[in-house]
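Atoms within each ligand, like the ligands themselves, are counted from 1 in listed order.
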Amino acid sequence: MIVCSCAYVTDRDLEQAVLEVMSQPNAPLPTPGVIYRHLQKKMQCCGCAPLAAETIYAKMEDLEKRGLICPCACATAKTRMKDIMSPPERRVSRTLREAPRALSQPAAARQKVTGSSGSSF
Ligand code: FES
């Protein structure tokens, strides 16, 4: 299957590149950019980027199931890629998410919880 028609990249090319990249010591995160660079290809219109990322994920899982890449390296890469590809609101730290809730509490409640008068600014 052709994944990228601009640079002519197939799913087999991606599989081979994922295998080679993930077999390196301290393997980099196999993003489409890393994989295309490994293939010495360059995206032009970038219309294939979502399909390329999806294919890379699928190939990683398949290679892991076949025992061709280290499950530990694969798990680390998947976790890092999930963080990168998650919606922005999921990446917001817990502190930032809870700050507006704490500020909307009445001053007396904040004082009880924090022990401050709330006017120490
Ligand atoms: S389809 Fe891949 S860069 Fe255009």
When you look at Asp13 and Ile35, which way does the side-chain contact (heavy atoms from CB on, under 4.5 Å) test go after all the steps?
CA-CA 9 Å; Asp13 296 331; Ile35 297 299; over 6 Å; no
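Protein contacts to atom 2 (Fe) of ligand 1 involving N, O or S atoms at a distance below 2.8 Å are Cys4 SG, Cys48 SG.
Heavy-atom contacts from other residues, nucleotides or ligands closer than 6.0 Å to CD of Gln24 number more than 12.
Under the 4.5 Å side-chain heavy-atom criterion for ILVMFWY residues, no single connected hydrophobic cluster contains both Tyr8 and Val3.
Across all non-hydrogen atoms, the minimal contact from Pro28 to Val34 is CG-CG1, 4.0 Å.
The salt bridge (charged side-chain N to carboxylate O under 4.0 Å, His left out) check on Glu20 picks up nothing, with sequence neighbours excluded.
Checking each of Gln16, Glu54, Glu64, Glu15 against Lys59 for a side chain to side chain donor-acceptor pair (under 3.5 Å) leaves exactly one that passes, namely Glu15.
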